[in-house]
Amino acid sequence: MSTVAILFGRKGSKGIKNKNIYKLNNKPLFKHPIDEAKKISQIKKIFVSTDDENIIKGAEKIGCQILHRPKNLTSDKALLSDAMQDAVRKVLKIEKKN
């Protein structure tokens, strides 16, 4: 299995509305960690776990694979650790096929 990056961003932030698509230096926040991951030669694939259509469209456009986050992991009560477990299971399944 190759080295991958898994990034997380859900819609519906309560603290700062739409924070993941908020622009910083003319670039949505979700794209900053993607760009940094792309600089690491050992990372062969970048996966993004999200339920946000804006993130899905933007991440796909720059070559990321999308892990559609289940509805039960998208609320502000959902734990990131549960979303991480879900994402790792999905990545392992995808990578096993390849």
Side-chain angles (χ1 to χ4, degrees):
M1 180 156 133
S2 57
T3 302
V4 302
I6 306 173
L7 306 173
F8 298 85
R10 68 175 180 85
K11 69 178 177 183
S13 172
K14 300 238 174 173
I16 301 172
K17 189 174 173 89
N18 298 320
K19 76 177 174 198
N20 289 318
I21 58 172
Y22 179 82
K23 288 194 176 182
L24 176 67
N25 294 332
N26 278 337
K27 181 168 47 174
L29 285 179
F30 78 87
K31 285 189 178 180
H32 289 270
I34 292 171
D35 288 346
E36 291 305 308
K38 285 184 168 196
K39 293 178 185 177
I40 301 169
S41 62
Q42 293 89 344
I43 295 176
K44 303 304 178 197
K45 292 182 187 173
I46 301 171
F47 293 90
V48 178
S49 171
T50 188
D51 64 323
D52 187 310
E53 283 300 319
N54 291 305
I55 295 174
I56 290 169
K57 288 176 188 172
E60 283 180 333
K61 189 182 262 188
I62 55 177
C64 299
Q65 270 190 264
I66 303 303
L67 303 171
H68 294 275
R69 195 180 304 189
K71 191 155 187 77
N72 67 312
L73 298 177
T74 61
S75 75
D76 58 340
K77 303 285 188 224
L79 300 176
L80 177 59
S81 59
D82 291 336
M84 292 169 74
Q85 288 178 343
D86 175 71
V88 168
R89 271 193 300 272
K90 288 176 178 175
V91 168
L92 288 173
K93 188 176 179 180
I94 290 166
E95 288 294 293
K96 188 176 181 181
K97 289 179 183 177
N98 296 332

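Heads up: numbering here begins at 1 and tracks the sequence. Computed from a predicted model, the values in this text were never measured in an experiment. Note that these values count all heavy atoms, side chains included, but never hydrogens, waters or copies made by symmetry.
At a threshold of 4.5 Å between side-chain heavy atoms, the hydrophobic network of Ile, Leu, Val, Met, Phe, Trp and Tyr places Val4 and Ile40 in two separate groups. Linking Ile, Leu, Val, Met, Phe, Trp and Tyr residues whenever their side-chain heavy atoms come within less than 4.5 Å leaves Ile43 and Ile94 in two separate clusters. Cluster membership for Leu7 and Ile21, using ILVMFWY side-chain heavy atoms within less than 4.5 angstrom, is shared. Both Phe47 and Leu80 are members of a single hydrophobic cluster when ILVMFWY side chains are connected at heavy-atom separations under 4.5 Å.
Closest of all the heavy-atom pairs between Asn20 and Arg10 is ND2-O, 3.0 Å. Ile34 and Ile46 get closest at one heavy-atom pair: O-CD1, 3.8 Å. Taking every heavy atom of both residues into account, Leu67 and Ala87 meet most closely at CD1-CB, 3.8 Å.
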Exercise. For Val48 and Phe30, run side-chain contact (heavy atoms from CB on, under 4.5 Å): C-alpha distance rounded to whole Å, both residues' side-chain angles, the deciding distance at 0.1 Å, then the answer.
Key: CA-CA 9 Å; Val48 178; Phe30 78 87; 5.9 Å; no

Quiz item: Ile56 and His68: side-chain contact (heavy atoms from CB on, under 4.5 Å), yes or no, with the steps?
Solution: CA-CA 9 Å; Ile56 290 169; His68 294 275; 3.7 Å; yes

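Residue pairs meeting the salt bridge (charged side-chain N to carboxylate O under 4.0 Å, His left out) criterion with at least one member in residues 40-68, sequence neighbours excluded, are Lys45-Glu95. The stretch residues 28-38 participates, sequence neighbours left out, in these salt bridge (charged side-chain N to carboxylate O under 4.0 Å, His left out) pairs: Lys27-Asp35, Glu36-Lys39. Applying the salt bridge (charged side-chain N to carboxylate O under 4.0 Å, His left out) test to pairs two or more places apart or on separate chains, those with a residue in residues 77-91 are Asp86-Lys90.
No donor-acceptor pair under 3.5 Å is formed between the side chain of Ser49 and the backbone N or O of Arg69.
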